[in-house]
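Residue numbers run from 1 in the order of the sequence given. As the structure lists them, so they are numbered: ligands from 1, and atoms in each ligand from 1. All figures in this text were calculated on a predicted structure; none of them were measured in a lab.
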Amino acid sequence: QSAYPIEEIRADFPILSRTVRGGKPLVYLDNASTTQKPVQVISAIDDYYRNHNANIHRAVYELAEEATGAYEAARDKVARFINSPSREEVIFVRGTTEAINLVAYSWGRANVGPGDIIVTTEYEHHSNIVPWQLLAKEKGAELAYIDIDEKGELLLEQLDEHLETGRVKLVTFSLMSNVLGTISDVQGIASRCKAAGVPVLIDGAQAAPHMRVDVQALGCDFFAFSGHKMLAPTGIGALWVRREILEKMGPFHGGGDMIREVHKFETTWNDLPYKFEAGTPNIADTVGFGAAIDYLEGLGMEDVRRHEKSITEYALKRMAGVKGMTIYGTDEISRRGGVISFNFADVHPHDVAQIVDGEGVAIRSGHHCAQVLMEKLCVPATNRASFYVYNTREDVDALVTSLDKVARLFKLE
Ligand SMILES: Cc1ncc(COP(=O)(O)O)c(CN[C@@H]2CONC2=O)c1O
């Protein structure tokens, strides 16, 4: 669409001018793994260390006030970005993995017991399966799955069956699959869980960077996502918890800042959200997270999603013409994010990625931390191309040209 300032956007990402493999222009199509950073984010971090660096929340000198102000301003930006009812419900964590582990530890241990069921789905990332396996094993609870159909859509009648047992204590799922791109029927899940009085955790790692997220409209109780998948540095992300639940949760880590008073044998906790932010946090990268949100808000999440739908639709069409290609997931573009996983007949994905890399195109080959899904697809791994705000149709053309080369090399028909 003409209004989308793709050239100005690309100029904001120095790394996109790189060449690789002997002078070939970099075509970066592994955004589901991590995204590149605009100069606005890089400069925000640089400026913080050059001019405002101090530890936060404690000292009274001006530098510390500036550092605290920058850190807490980032929290306000995150709260607005996900339409949280308040800033106190936003906890900074390292990323989605830590966010989900915090819920499993601080909420799960106090609320899940023997015979209880935690429901998740077949297409989850390991960070939304393994913490629940650990909790279930420790508590004598059970893990249950919602299966997917051949198009990667969740079979919600299975959720009904699990809920009918009356033993379900949590339903936890990805709003968008990082492998299939499937955008799940969150209204269908949340309405069923609300009717059954069961809390919902949404893994928003793949969704939050790519579509407007409104935790109030989603009707979830926990929402986890990572900064590095949305133009921000690694090592910073956020967990949103509905206040009524958060107020009842015990702390995750003990230490400085999360306390009010420490005596030899008794300690009282700090207010929300600081009760869940022990120790010196990742201040500079949090400031970078805020700058990334400013950048995305500047583009507008509706335009981000519109651009990605256009690129993904174009990619699906062009890739369908490549010989020997199998594409996983739905071709219903309104239910698919900017992620395309695919395989070539019996060519190992690592061989495909290697040949494609030789043409300067960076895609991912592997199980994408979703081995339960790989079992379902009956493949050890897939190739995955994933798009973001700076990708172009020319990037897709470069991908398809390199995939045609794979088809020729392996004489695929
Ligand atoms: C859906 C989903 N959930 C959880 C995570 C874990 O996030 P952190 O690693 O930031 O804690 C990821 C990361 N996506 C991975 C990262 O590498 N390749 C991927 O697809 C993800 O895509």
Side-chain angles (χ1 to χ4, degrees), residues 28-37 78 82 91-105 120-134 145-146 148 152 154 171-184 186 189 200-211 213 218 220 222-240 252 282 285-286 288-289 292 308 328-329 336-342 349-350 353 362-374 376-377 381-388:
Y28 185 74
L29 297 175
D30 191 20
N31 294 286
S33 292
T34 198
T35 60
Q36 301 304 341
K37 316 308 170 193
V78 173
I82 59 171
I91 301 165
F92 283 125
V93 288
R94 273 183 312 129
T96 307
T97 302
E98 185 176 35
I100 295 174
N101 278 276
L102 188 157
V103 176
Y105 186 92
T120 188
T121 84
E122 276 192 314
Y123 63 44
E124 295 307 313
H125 185 277
H126 294 161
S127 64
N128 203 20
I129 291 177
V130 178
W132 307 116
Q133 288 176 337
L134 294 171
Y145 287 83
I146 304 172
I148 55 171
L154 293 171
V171 173
T172 183
F173 68 99
S174 286
L175 179 49
M176 184 187 291
S177 159
N178 64 312
V179 179
L180 303 173
T182 310
I183 298 171
S184 45
V186 60
I189 296 172
V200 170
L201 184 153
I202 290 182
D203 170 345
Q206 189 61 36
H210 301 276
M211 57 194 277
V213 162
L218 288 172
C220 58
F222 308 92
F223 189 89
F225 60 114
S226 300
H228 72 93
K229 286 170 68 94
M230 48 186 281
L231 308 183
T234 51
I236 187 65
L239 170 67
W240 174 82
F252 180 36
N282 183 2
D285 289 336
T286 305
F289 193 12
E308 261 185 45
Y328 302 102
R336 178 194 273 270
V339 183
I340 302 177
S341 285
F342 60 95
H350 292 331
I363 63 169
R364 181 75 177 275
S365 61
H367 53 64
H368 318 294
C369 301
Q371 287 178 302
V372 169
L373 176 59
M374 295 299 124
K376 173 75 178 203
L377 298 176
T382 72
N383 290 289
R384 182 186 67 186
S386 48
F387 309 108
Y388 207 20

Task: Closest protein heavy atom (residue, atom, distance) for atom 16 (C) of ligand 1 - done: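 Sorting protein heavy atoms by distance from atom 16 (C) of ligand 1 puts Ser33 O, 3.7 Å first.
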
Task: Nearest protein heavy atom with distance in Å, relative to atom 11 (O) of ligand 1 - done: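 Checked against all protein heavy atoms, atom 11 (O) of ligand 1 sits closest to Thr97 OG1, 2.6 Å.
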
Any heavy atom of [X] sitting closer than 4.0 Å to ligand 1?
X      : result
Asp203 : yes
Ala32  : yes
Arg94  : no

Which of the atoms of ligand 1 are close to [X], meaning less than 4.0 Å from one of its heavy atoms?
X      : answer
Ser127 : 3 (N), 4 (C), 5 (C), 6 (C)
Arg384 : 18 (N), 19 (C), 20 (O)
His228 : 8 (P), 10 (O)
Lys229 : 13 (C), 14 (N), 21 (C), 22 (O)
Arg364 : 17 (O), 18 (N)

Less than 4.5 Å apart, any side-chain heavy atom of [X] and any of [Y]?
X      : Y      : value
Phe387 : Ile340 : yes
Ile363 : Asp30  : no
Ile202 : Trp240 : no

TODO: Of the side chain and backbone of Glu98, name the one, both, or neither that has a heavy atom under 4.0 Å from an atom of ligand 1.
DONE: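 The answer is neither.
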
Open item on the list: Test of understanding: given a 4.0 Å heavy-atom threshold, classify the contact between Ala205 and ligand 1 as side chain, backbone, both, or neither.
Closed with: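 Answer for Ala205: side chain.
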
Task: Reference residue Ser226; test side-chain hydrogen bond (donor to acceptor under 3.5 Å, both in side chains); the match among Thr96, Thr234, Thr97, Asp203 - done: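 Output: one option passes, namely Thr96.
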
Task: Ser33 and its side-chain hydrogen bond (donor to acceptor under 3.5 Å, both in side chains) partner, picked from His368, His228, Lys229, Arg364 - done: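 By the side-chain hydrogen bond (donor to acceptor under 3.5 Å, both in side chains) criterion, Ser33 pairs with just one of His368, His228, Lys229, Arg364: Arg364.
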
Task: Phe252 to Asn101 - nearest heavy-atom pair and separation - done: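 That closest heavy-atom pairing would be CE1-O, 4.1 Å.
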
Open item on the list: Heavy-atom count check: over 12 atoms from other residues, nucleotides or ligands less than 6.0 Å from Tyr105 OH?
Closed with: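 Not more than 12 within 6.0 Å, no.
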
Open item on the list: Can you confirm, on distance only, whether ligand 1 has an N/O atom lying under 3.5 Å from any N/O atom belonging to Asn178?
Closed with: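 By distance alone, the answer is yes.
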
Open item on the list: Taking distance alone, with N or O pairs closer than 3.5 Å, would you say Ser226 contacts ligand 1?
Closed with: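 Min N/O separation from ligand 1 is below 3.5 Å for Ser226.
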
- [ ] To the nearest 0.5 angstrom, please state how far the OG atom of Ser341 sits from the CG atom of Asn178.
- [x]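 Between Ser341 OG and Asn178 CG, I get 8.0 Å after rounding to 0.5 Å.
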
- [ ] Pick, from His126, His367, His125, the option with the minimum heavy-atom distance to atom 13 (C) of ligand 1.
- [x]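 The option holding the nearest heavy atom is His125.
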
TODO: Would you please say whether a donor-acceptor pair under 3.5 Å links the side chains of His125 and Ser174?
DONE: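 Judged by distance alone, the side chains do not pair up.
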
Open item on the list: Under a 3.5 Å threshold, yes or no: a donor from one side chain and an acceptor from the other, between Thr172 and Thr120?
Closed with: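 Note: Thr172 and Thr120 side chains miss the donor-acceptor criterion.
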
